[in-house]
Amino acid sequence: MKVCKFGGSSVADAAQVTKIIDIILADPDRRIVVVSAPGKRNSADTKVTDMLIKLASASLSGEETESQLMAIVDRYAEIQRDLNLPPEVVKEIERDLRDRLAGDKSHAGMYMDCLKAAGEDNSAKIVAQAFRARGANAVYVNPGEAGMYLSSDFGNAQLLEESYSLLAGSLLGRNELVIFPGFFGITKDGKIATFPRGGSDITGSILAAAVKADIYENFTDVDSVYPVDPRVVPDVKRGIPTMTYREMRELAYAGFGVFHDEAVRPVVKAGIPINVRNTNHPELPGTMIVQSRRVIAGGVVGIASDDGFCNLYVDKYMMNRAVGFVRRLLQILEECGVAYDHMPSGIDSVSVIIRTRNLNGETEKIVMDRIRNELHPDSVTLTRGYAMIMVVGEGLYYTVGMAARATRALAEAGVNIELMSQGSSEISIVFGIKAEQRNKAVRSLYNEFFNLK
Ligand code: ASP
């Protein structure tokens with residue numbers, strides 16, 4: 001059995017929905033279809049999820065909502081009209097949105113999630129209708145009813161383990177094609193909660209693991225996963241035919257938008273291969289993501305980069321001998337609810353790399369004051385504007401000279417390495433650089449490892 005997930009651009013309009021139906025009906029093993037909310041129809045367009053977030057914010061602050069609500073209804077009405085579906089489906093969507101809008105506003109995050117989830121939920125309903133109009137035996141399945149139980153971290157929810165068996169019970173042994181909305185589930189007390197943005201990938205991965213699918217097909221709008229962001233290197237030639245879960249996880253974490261980093265784990269645990277494919281070119285094989293692959297010595301699979309990082313630098317003479325210093329530093333961050341991403345250290349200093357969005361102005365002040373007062377460092381500074389670049393490949397760690405090649409490529413591009421870490425993951429080398437040098441750094445690394453000179 002195959003579980004197929006279709007991203008927002010694959011449900012953006014009627015022509016795209018038709019492609020989904022063709023793809024699914026072409027292969028009888030494709031039994032479970034996970035859909036996103038309608039995405040952009042062109043580069044100037046707005047995703048339905050973004051429209052819903054704006055609508056929820058307007059409603060929370062007591063602003064006018066009618067025109068925004070109708071603009072969302074119109075996105076579905078366009079699909080309904082172009083597919084000649086009965087108009088009732090849009091009436092039902094409008095009713096559903098009005099109900100959610102009139103819901104309980106006592107908890108802003110909870111209210112927001114209820115509205116955000118409407119994008120996928122209504123997408124699945126209309127796609128199920130479209131399948132039926134083509135004569136397929138397809139049903140919409142509600143995640144809450146099917147047992148997709150999540151934690152109540154609204155906007156950032158995580159799956160509760162018991163969901164796997166509940167979902168298997170609801171989805172296996174059905175004759176109908178299942179059309180399942182991505183991105184959300186339900187808390188134990190019956191509230192709608194969403195995964196982080198882009199979370200329909202996570203839903204697909206969970207369902208694939210729950211039903212022990214043979215493969216998880218993730219349909220998007222690119223022919224394959226590319227070794228570098230094509231916006232930075234437009235002439236990137238070849239996509240990646242096969243990569244490992246670990247490589248995908250590292251690349252997805254550092255800005256590879258094709259596949260959500262949190263979506264890797266459920267399928268890894270179940271040993272199910274992921275196939276990233278293009279809805280617009282279903283004849284192409286796409287990229288396979290698997291447990292292991294033949295590793296060519298020195299082979300780099302991809303170069304990822306992301307900005308929006310800051311460096312919390314703490315310096316104290318003889319830090320290496322101060323037992324518990326780093327633990328206390330991390331405890332301060334923990335107590336302030338700040339997650340960190342990397343932590344390269346020296347004998348007298350440590351850098352903690354944090355995503356800037358995890359550290360708002362107020363928290364920053366508390367963290368800095370506590371470090372000064374409790375740890376008495378020689379200095380502590382917080383510098384924003386960092387980008388992290390990751391060179392990723394299985395076997396990288398064991399191949400002599402890889403770090404040298406990478407640092408030489410950065411030097412040739414005139415990029416100063418602010419910090420570097422190669423170590424625990426064994427499959428990546430991470431460089432911290434100034435954000436404004438990010439693109440030229442990535443281009444130079446790409447030329448070094450892929451444009452074989
Ligand atoms: N629609 C949601 C978002 O835009 C989830 C998804 O598309 O995966 O983030």
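Every number for a ligand or one of its atoms is a count from 1 in the order of the listing. Predicted model only: the values in this text are computed from it and were never measured.
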Task: atom 7 (O) of ligand 1: the protein heavy-atom neighbour that sits closest, reported with distance to 0.1 Å - done: Ser36 OG, 3.2 Å
Task: Partners meeting ring-ring contact (aromatic ring centres under 6.0 Å, His included) with Tyr164 (sequence neighbours left out) - done: none
TODO: Using the six-membered ring wherever Trp is involved, compare the ring planes of His342 and Phe309 and label them parallel, tilted or perpendicular (cut-offs 30° and 60°).
DONE: tilted
Task: Contact with ligand 1 for Gly198, non-hydrogen, under 4.0 angstrom - done: yes
Task: Identity and separation of the nearest protein heavy atom to atom 5 (C) of ligand 1 - done: Glu120 OE2, 3.4 Å
TODO: Answer yes or no: is there an ion pair linking Asp104 with Lys191, defined by an N-O contact shorter than 4.0 Å?
DONE: no
Open item on the list: Gly8 versus ligand 1: do any nitrogen or oxygen atoms come within less than 3.5 Å of each other?
Closed with: no
Task: Salt bridge Arg174-Glu176, side-chain N to carboxylate O under 4.0 Å - done: yes
TODO: Starting from atom 6 (C) of ligand 1, find the nearest protein heavy-atom neighbour and note its residue, name and distance.
DONE: Ser200 OG, 3.4 Å
- [ ] Check ring-ring contact (aromatic ring centres under 6.0 Å, His included) between His281 and all other residues, then give those that pass, not counting sequence neighbours.
- [x] none
Task: Gly199 touching ligand 1 at heavy-atom level, < 4.0 angstrom - done: yes
Open item on the list: Are there over 12 heavy-atom neighbours, none belonging to Lys440, within less than 6.0 Å of that residue's NZ?
Closed with: yes
TODO: Please say whether Asp201 places an N or O atom under 3.5 Å from an N or O atom belonging to ligand 1.
DONE: no
Task: Test of proximity, Lys5 against ligand 1: N or O pairs below 3.5 Å - done: no
Open item on the list: If you take the nearest heavy atom of each of Arg197, Lys47, His260, Lys116, which one is closest to atom 3 (C) of ligand 1?
Closed with: Arg197
Task: Quiz item: cation-pi between Lys5 and Tyr216, 6.0 Å / 45° - done: no
